[in-house]
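Before we start, here is the structure in question, set down as structure tokens.
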Amino acid sequence: MSHPLTASLNPEQRAAVELPPEHALILAGAGSGKTRVLTTRIAWLLSTGQISPAGLLAVTFTNKAAKEMMARITAMMPLNPRGLWVGTFHGLCNRMLRLHHRDAGLPAGFAILDSQDQLAAIKRVMKTLNVDDERYPPRSIAQYINGNKEAGIRAEKAQARDDYSRTQRMIYAEYESQCRREGVVDFAELLLACYELLERNAPLRDHYRSRFQHILVDEFQDTNQLQYAWLKLLTGPNSALFAVGDDDQSIYAFRGARVGNMLDFQKDYHVKHVIRLEQNYRSHGNILNAANAVIEHNRDRLGKQLWTSDDDGEPIRLYEAATDSEEANFLVDEIAAQQRDGIAADEIAILYRSNAQSRIIEHALVAAGLPYRVYGGLRFYERQEIKHALAYLRLVANQDDDNALLRVINFPARGIGNRTVETLTDTARIAGTSLWQAACSAGSGRSAAAVGRFVHMLDNMHVQAQGMALPDVVNMILSLSGLYEYYQNEKEGEERLANLNELVNAAAAFVTEDENDLVAFLANASLEGGEHAAEAGEAAVQLMTIHAAKGLEFHSVFLTGLEEGLFPHDNSLADPKGLEEERRLMYVAMTRARRRLYISLSQSRMLHGQMRYAPASRFLNEVPATLLKYLNRGYAPNSYGSSNTSNTSNDWYAPPATPRHVETPAHGLAIGMTVRHPKFGVGEVVNHEGGANGNVQVNFVQHGTKWLAVAYAKLEPIKA
DNA sequence: CAACTCTGGCTTTTT
DNA sequence: GCCAGAGTTG
């Protein structure tokens, strides 16, 4: 007698969807239909009349997820999306703060600083405070400030026991007052200000508490301390919090995510029902079994084992290259072969641990003429020309926005140099006014004339913007500011010019019933970075970091660079928690593949301009050997993935030695020689390149074949 | 004031 | 190896 909405769900999914109104934790494994459960639950609650749309609060982590959820809900039932509180933590806090800006002590049109803007603001504070930015790197100050805010700690409450932390606290305090003065709010502030608003304003809090009867949270393992505290404030006696997450996919601890929130949630909310979604609808059995085997090496887990009713499928293919370019060539060959087999290019992903790895892969793809798309890097609203245009728009909305003013006072160049800006800054500080006001009352002289022209231009923009439609405002400031002209004359300005035109389009597409669309448009630009820079259009192979791949799936996945130091990354090895997070990253990466998973590594790799020789990643030993297929001829089976022999050392075998350069050795080492290495023991020289400053490949009896730098390896010839 | 050269540092990143 | 920011020169 199941509801039509839930008829096609599996028993666990259905149980989750049809839970009574009570707090619940859904442990949703990769590919287990998490989003489906979440949206179906919402549809079920609404269609069975258990709540009205107004009683719903659904929180996601990214705009993309929020949009997708909104789309799925409105597809299932006709609803006005504007009445729904479905969005990201930041988006929802923004909404609440705009509605209650008076109570929150914020100006009506407060601007939102993105990370770039925040950093610029911090640098400005440090300059006024005369703090040495070598001893106090602005980035670390930003971390300090955001970290405190995420812990709910204001500057006056921040701990300071030594000079160093006292200085940090001082910068924090001054940064806060600067933001308040200028009416701007950073990302962490959106959450904290909203939290404090609800905390101190009991009637408001009670209003929302009784209103939101069902609170649903996606990607709960990614929430930070403040987000969890915010959720707790909003949960009233008659609200039910439905949290969906996967502790095994928690890969954002480095930016404040607390997996521990899942355990805390169970305790704090006396959660009766923990439902595990373990049936995977994405991957073939071998891939799942391999991923399960890897993640089992982690200690701190809530426990979960994915399974599938699908076949075992193909084995996991393993390829070991001698060099990074050889690895890249392998990717290219294999991808070309797959495309010949009819697999769509955008169903193929190349994943890597760090962005630096993409360059050489891109190089090989370009050489082979394979179209690809790189995710990551600058996004639309983060581009230089867009940020400039937005700064002018911000100044139209609020002339006292010093951050924006500093960004464009001399861009395009109009003869207002550092000297002049410093004078303005001093004047403003002494008079306790904004830079704009200081600029308005600038004296006479050559630079003052330039400032005067700037003031006049901004005033003109301000006047013209009145009553003008948003896209026209954008167009107007692009002309009056000289940005159009600047990029027209710039050699490589074509793409930037196209982006500026795209900004006009974005403004035209941005329709709100908001009476002040400009402010809403600017807030949207900060909150939603826009599409990642990438050539869209034709089907292309997808290149991205493992982090960026979370939530996505592909027919074929190439997981590259499986080397110690790279993956797991050196910087994560200091503490065991770091290693566990790296392992979760491995788990996320493997579970992206539906049908085919390749893992590759290279014995040598150019890193930071230096050749690095790293052993195979320990994670390879955690994949059962029975699930692996070695692509390089000559591999001894059971070399990686010694699942039953608990072998902690990185025992691995190298591909057959195929000499690539035959040259007279300048270092006294020749192919066929037997040598001794202080660490790896005795081995035979099988290849070399680059002479005395180059590298030599040695097949060690105990440790397999390795590329070593002749200059460093301290190889001792034993016999010729 | 602006264009140019040089040096250092470097995991992952949404909002 | 590459990029950003600092420092130097015209």
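Remember, it's a predicted structure, so these values are computed and weren't measured experimentally.
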Phosphate contact (B:dA2 OP1 or OP2) by A:N418 side-chain N/O below 4.0 Å: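 The answer is no; no side-chain N or O of A:N418 sits under 4.0 Å from OP1 or OP2.
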
Sugar-phosphate only, base, or nothing, as touched by A:I416 at under 4.0 Å among non-hydrogen atoms: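 Sugar-phosphate, backbone atoms only, no base.
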
Ring geometry between A:F89 and A:F61 (parallel below 30°, tilted from 30 to 60°, perpendicular above 60°):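 The arrangement is perpendicular - the two ring planes meet at more than 60°.
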
Proximity to the side chain of A:R419 - top-ranked nucleotide from B:dC1, B:dT12, B:dT11: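 Output: B:dC1.
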
Flag, side chain of A:E563 to backbone of A:Q603, donor-acceptor distance under 3.5 Å: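 No; judged by distance alone, with no hydrogens or angles, the pair does not exist.
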
Whole-Å distance separating the CG atom of A:L573 from the C1' atom of B:dT12: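 So the two atoms are 14 Å apart, to the nearest Å.
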
Out of B:dT13, B:dT11, C:dG1, whichever nucleotide has its closest atom nearest the side chain of A:M606: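 Looking only at side-chain atoms, A:M606 lies closest to C:dG1.
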
Closest-nucleotide 5' rank along DNA chain B - winner of A:N410 and A:G529: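 Nearest nucleotide further toward 5': that of A:N410.
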
Spacing of A:E382 atom CD relative to B:dT14 atom P, expressed in whole Å: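 In whole Å, B:dT14 P and A:E382 CD are 8 Å from each other.
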
side-chain N/O A:T420 vs B:dC1 OP1/OP2, d < 4.0 Å: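 Indeed, a polar side-chain atom of A:T420 lies that close.
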
Short side-chain N/O contact from A:N355 to OP1 or OP2 of B:dC10, under 4.0 Å: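 Answer is no, no contact under 4.0 Å.
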
Distance in angstrom units between A:E150 CD and B:dT14 P, rounded: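 Those two atoms, CD and P, are 15 Å apart.
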
Nearest-Å distance once atom P is located in both B:dT13 and C:dA4: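 Comparing P positions in B:dT13 and C:dA4 gives a spacing of 16 Å.
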
Atom pair distance, as rounded to whole Å: CG in A:L607 and P in B:dG9: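 Spelled out: CG on A:L607 to P on B:dG9 is 16 Å.
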
Distance-only donor-acceptor check, side chains A:E582 and A:S572, under 3.5 Å: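 Checked: A:E582/A:S572 side chains pair up, N/O donor to acceptor below 3.5 Å.
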
Rounded distance (Å) that lies between atom C1' of B:dT15 and atom CZ of A:F110: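 These atoms are roughly 14 Å apart.
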
Stacking of A:H569 on B:dT11 base (centres under 5.5 Å, planes under 30°):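 Stacked: centres under 5.5 Å apart, planes under 30°.
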
Check: A:T88 side chain, B:dT14 base, donor-acceptor under 3.5 Å: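 Donor-acceptor pair under 3.5 Å: no.
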
Phosphate contact (B:dT15 OP1 or OP2) by A:R379 side-chain N/O below 4.0 Å: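 Result: yes.
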
Sugar-phosphate, base or nothing in reach of A:A188, heavy atoms under 4.0 Å: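 Since no nucleic acid heavy atom lies under 4.0 Å of A:A188, the category is nothing.
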
A:D222 CG - B:dT12 C1' separation (whole Å):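 My rounded result for the distance is 13 Å.
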
Residue A:R353, side-chain atoms from C-beta onward, closest of B:dT11, B:dT13, C:dG5: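 Of all the options, the side chain of A:R353 is nearest to B:dT11.
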
A:Q221 and A:D246 side chains, donor-acceptor separation under 3.5 Å: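 Side-chain D/A pair, A:D246 to A:Q221: absent.
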
Any A:T545 side-chain nitrogen or oxygen under 4.0 Å from OP1 or OP2 of B:dT13: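 Indeed, a polar side-chain atom of A:T545 lies that close.
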
Sugar-phosphate only, base, or nothing, as touched by A:E189 at under 4.0 Å among non-hydrogen atoms: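 Nothing, no nucleic acid heavy atom in range.
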
Closest to the A:D133 side chain, choosing from C:dA6, B:dT12, B:dT15: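 Ranking C:dA6, B:dT12, B:dT15 by closest atom to the A:D133 side chain puts C:dA6 first.
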
Distance below 4.0 Å between A:N63 side-chain N/O and B:dT15 OP1 or OP2: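 Looking at the OP1 and OP2 atoms of B:dT15, one of them is under 4.0 Å from a side-chain N or O of A:N63.
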
More than 12 heavy atoms of other groups within 6.0 Å of A:R139 CZ: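 Result for CZ/A:R139: open.
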
Short side-chain donor-acceptor distance under 3.5 Å, A:N261 and A:R258: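 Checked: A:R258/A:N261 side chains pair up, N/O donor to acceptor below 3.5 Å.
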
Atom-pair distance (CG on A:L378; C1' on B:dT14), nearest Å: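 Spelled out: CG on A:L378 to C1' on B:dT14 is 15 Å.
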
Nucleotide B:dT13, atom P - distance to CZ of A:R139 in whole Å: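 The distance from CZ of A:R139 to P of B:dT13 comes to 13 Å, rounded to the nearest Å.
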
Among B:dA2, C:dC2, B:dT12, the nucleotide that comes nearest once only the side chain of A:F254 is considered: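 Minimum distance to the A:F254 side chain belongs to B:dT12.
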
